[in-house]
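Shown next, in structure tokens, is the structure this report addresses.
Start at 1 with the first residue, then count along the sequence.
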Amino acid sequence: MHDRRAALKAALAAGGLALPAGAALASREELRERAGAKVLRTALQTAEAGFDPPRVGDQSSFRIIAHILESPLDYDPLADPVKLVPRTAARLPELSADFRHCVVTLRPGILFADDPVFQGRPRELTAADYVYTIKRFFDPVLRSEHLYVWENLKIVGMAALRQRALDQKKPLDYDTEVPGLRAIDRYRFELRLEEPAPRIAHSFVSPISCGAVAREVIEAYAADPMAHPVGTGPFRLAQWRRGSRIVLEKNPRFRAEVFAGQPAEGDAAAQAIAQRLKGATSPLVDRIEIDIVLEDQPRWLAFLGGQHDLLRLPTAFGATAMPGGQLAPFLQRQGIRARRQAVPSIAHTFFNCRDATVGGMAPANVALRRAIALAYDSQIEIDIAYTGQATLAHSMIPPLCYGHDPALRSELGRARPARAKALLDLHGYLDRNGDGFREHPDGRPLELLISFPQDQRSRLISDLWLRRMRAVGLRTRFEYQTFAELIRKSLAGQIMMWGFQWGASAPDGDQFLALAYGPNADQSNDARFALPEFDRLYEAQKVLPDGPERLALMNRGTRLMLAWMPYLPHSYRIETDLLHPQVYGLVRQPFTNDWWRWTGLDDATA
């Protein structure tokens with residue numbers, strides 16, 4: 001106890017902070033449920049929207065879903081480079097030589113978690129469940145931002161089925177069988193495609209786009225499917241207080257899954273994890289209690305006080321916990337460990353290209369977006385808002401993804417206000433009334449409206465935006481809303497500018513190029529960018545196998561995105577996990593979200 005008090009004292013002295021009253025305290029009922037159980041306690045930094053994959057777009061929801069629903073394939077948790085392995089599938093998919101036909105075979109005997117819908121009978125996972133799961137993304141009623149994952153594969157018959165639902169203003173007809181997506185028998189389903197998809201196997205990895213659900217569950221809880229996730233994964237949802245607390249408990253129906261990660265030769269850290277988890281069976285804990293703590297300070301102090309077992313290091317405390325990139329001595333004395341790694345994500349700001357202020361494709365419209373990009377300083381954002389836990393981004397494709405060019409250097413590295421002013425002057429964005437702010441070339445008032453979620457880091461970043469835009473004569477104001485509300489408004493085209501993190505779900509840059517693909521507007525293409533030249537290029541690279549020809553097209557696409565500026569790339573994240581001595585495992589594969597599947601607690605210190 002003395003060490004924890006010392007840690008709190010050191011943290012308070014460093015930042016003049018106060019421990020929040022009652023932070024992460026368990027109720028009496030929860031304490032009774034913990035008795036005799038291994039309970040992992042942690043926190044998430046953004047509020048969850050819910051747990052129905054087609055309807056959500058936030059990382060907190062993704063993290064929970066990944067522990068409840070399961071996809072056919074997975075990535076080996078330790079392999080480097082990335083290696084596909086079966087999960088609910090019996091083996092890797094069978095893919096035709098022309099990359100247009102794919103067959104997935106499931107393992108018999110995998111069961112869904114118990115639910116009253118099943119009336120006390122075991123419910124086996126079948127091929128029809130995956131067919132239904134994929135079809136849901138095409139249902140226009142759901143308005144899923146993840147539709148592009150499947151729509152861009154051009155599954156034979158699915159576009160027509162969706163269009164019929166759109167024309168009739170009705171939900172998708174799930175009972176109509178299409179030739180491109182069907183169950184062959186109880187354990188096999190197939191996809192037939194209009195064009196080649198050499199990397200189609202990666203579409204079967206993410207539980208967000210391919211986590212199996214049972215149709216009878218979705219229909220039974222149609223009034224609120226976000227609150228009733230039922231899957232085949234190691235955990236099930238036990239409690240949910242929206243925006244406050246989520247509790248997962250071990251799924252008694254979960255099969256025995258033995259750890260089988262294969263670390264790369266020479267990777268000492270991964271080999272140590274593999275040795276520690278050798279023979280282990282998932283899940284390693286009985287219960288996971290997750291608090292939603294939006295602000296960095298209470299999350300940090302709850303960890304130091306022992307109320308949470310592990311912590312994604314808040315950026316505000318990066319210098320306190322990891323001075324010079326090394327774990328601080330006061331944390332080392334408690335036996336706390338740090339794991340630091342680059343992650344395949346991009347912090348960016350999108351410009352709504354249909355917006356009357358920052359949108360448009362005429363030279364003056366593009367010049368405004370480029371001037372805004374030149375005026376902003378992403379390096380200062382890294383230094384202040386991320387305390388150095390990021391590297392400067394020069395394109396939208398992050399490291400660890402195929403197509404990332406580490407040699408690319410754009411003009412976005414440092415603020416260039418003089419160039420920004422010159423570009424605005426050249427295209428007629430002048431201060432005509434002498435109030436210190438510029439107007440549109442036609443004399444209309446010009447005001448930027450930038451959206452942010454409601455957290456401390458957003459306040460820091462918005463202050464930086466205000467100062468950088470004021471320096472070049474651009475009037476700017478801000479709106480702060482929940483992440484879920486911002487997602488809703490973005491899908492409806494009601495946001496002018498918004499900056500957030502976009503993480504990779506596969507080791508390929510296609511998903512980041514897809515952010516600028518015209519047909520993905522109203523889905524992942526938040527910018528609603530539409531450029532025929534880019535669309536042709538995107539479609540061409542998509543059907544090619546990896547190699548020099550595809551890389552050349554991807555590099556050209558990256559440069560088109562920089563030139564037209566629908567997205568302003570800011571930084572690539574570096575993330576650090578802090579673990580109390582009792583925690584082991586925590587296998588964080590960069591492209592997956594089920595990190596607690598292989599996280600355990602030692603009996604001696606739990």
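- F350 is listed as a side-chain neighbour of I495, based on a closest heavy-atom distance under 4.5 Å.
- Side-chain N or O atoms of Q511 include none that pairs as donor or acceptor with a backbone N or O of A504 at under 3.5 Å.
- Judged by distance alone, the side chain of R312 and the main-chain N or O of L44 form no donor-acceptor pair under 3.5 Å.
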| request: With side-chain hydrogen bond (donor to acceptor under 3.5 Å, both in side chains) as the test, would you mind laying out the steps for Q271 and D267 before giving the verdict? | output: CA-CA 6 Å; Q271 288 177 351; D267 188 339; over 6 Å; no
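- At distances below 3.5 Å, not a single donor-acceptor pair connects side-chain atoms of H570 with backbone N or O atoms of S378.
- Between F351 and W564, the distance separating the two ring centers is not shorter than 6.0 angstrom.
- The shortest distance between side-chain heavy atoms of L237 and L248 falls below 4.5 Å.
- Side-chain atoms of Y386 never come within 3.5 Å of backbone atoms of T391 as a donor-acceptor pair (strictly under, hydrogens ignored).
- In this structure, the side chain of T558 engages the main chain of M554 through a donor-acceptor pair within 3.5 Å.
- Between the side chain of H146 and the backbone N or O of P54, no donor-acceptor pair lies under 3.5 Å.
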| field | Derivation and outcome, side-chain contact (heavy atoms from CB on, under 4.5 Å), residues R556 and E533 | value | CA-CA 10 Å; R556 172 65 179 159; E533 179 185 0; 2.8 Å; yes
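- Residues L408 and L562 meet the side-chain proximity criterion, which asks for heavy atoms closer than 4.5 Å.
- Taking 4.5 Å as the limit, some side-chain heavy atom of P519 sits within range of a side-chain heavy atom of D535.
- Put simply, the side chain of D139 gets close to the backbone of L172: a donor and an acceptor are under 3.5 Å apart.
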| message | Run the side-chain hydrogen bond (donor to acceptor under 3.5 Å, both in side chains) test on Y75 and H202 for me, step by step, so that the C-alpha distance in whole Å, both residues' side-chain angles and the decisive distance to 0.1 Å come before the verdict. | response | CA-CA 9 Å; Y75 295 119; H202 293 282; 2.7 Å; yes
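- Looking only at side-chain heavy atoms (C-beta outward), T46 and F500 stay at 4.5 Å or farther from each other.
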| query | Can you check side-chain contact (heavy atoms from CB on, under 4.5 Å) on F512 and S395, steps first, answer last? | reply | CA-CA 10 Å; F512 296 95; S395 78; over 6 Å; no
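- Side chain of S61 to main chain of A49: a donor-acceptor pair is present (N/O by atom type, distance under 3.5 Å, no hydrogens or angles).
- A donor-acceptor pair under 3.5 Å is formed between the side chain of S71 and the backbone N or O of L73.
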| said: Test side-chain hydrogen bond (donor to acceptor under 3.5 Å, both in side chains) on N525 and Y148; report intermediate values, then the result. | reply: CA-CA 9 Å; N525 183 352; Y148 76 97; over 6 Å; no
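- Salt-bridge formation is detected for the pair D594/R87: a Lys NZ or Arg NE/NH1/NH2 atom is positioned less than 4.0 Å from an Asp or Glu carboxylate oxygen.
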| Does the pair L161 and F138 meet the rule for a side-chain contact (heavy atoms from CB on, under 4.5 Å), with working shown? | CA-CA 8 Å; L161 188 64; F138 289 85; over 6 Å; no
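- M396 has its side chain out of reach of W502: every pair of non-hydrogen atoms, C-beta onward, lies at least 4.5 Å apart.
- K542 has no carboxylate O lying under 4.0 Å from a charged side-chain N of D510, or vice versa, which leaves the two without a salt bridge.
- You'll find the side chain of Q389 reaches within 4.5 Å of the side chain of R340, heavy atoms only.
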| field | Stepwise side-chain hydrogen bond (donor to acceptor under 3.5 Å, both in side chains) check, D115 with Y221 | value | CA-CA 11 Å; D115 188 88; Y221 299 115; 2.9 Å; yes
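- Side-chain contact check for V104 versus P93: some heavy-atom pair is nearer than 4.5 Å.
- Panel note: side chain R550, backbone Q541; a donor-acceptor pair is recorded below 3.5 Å.
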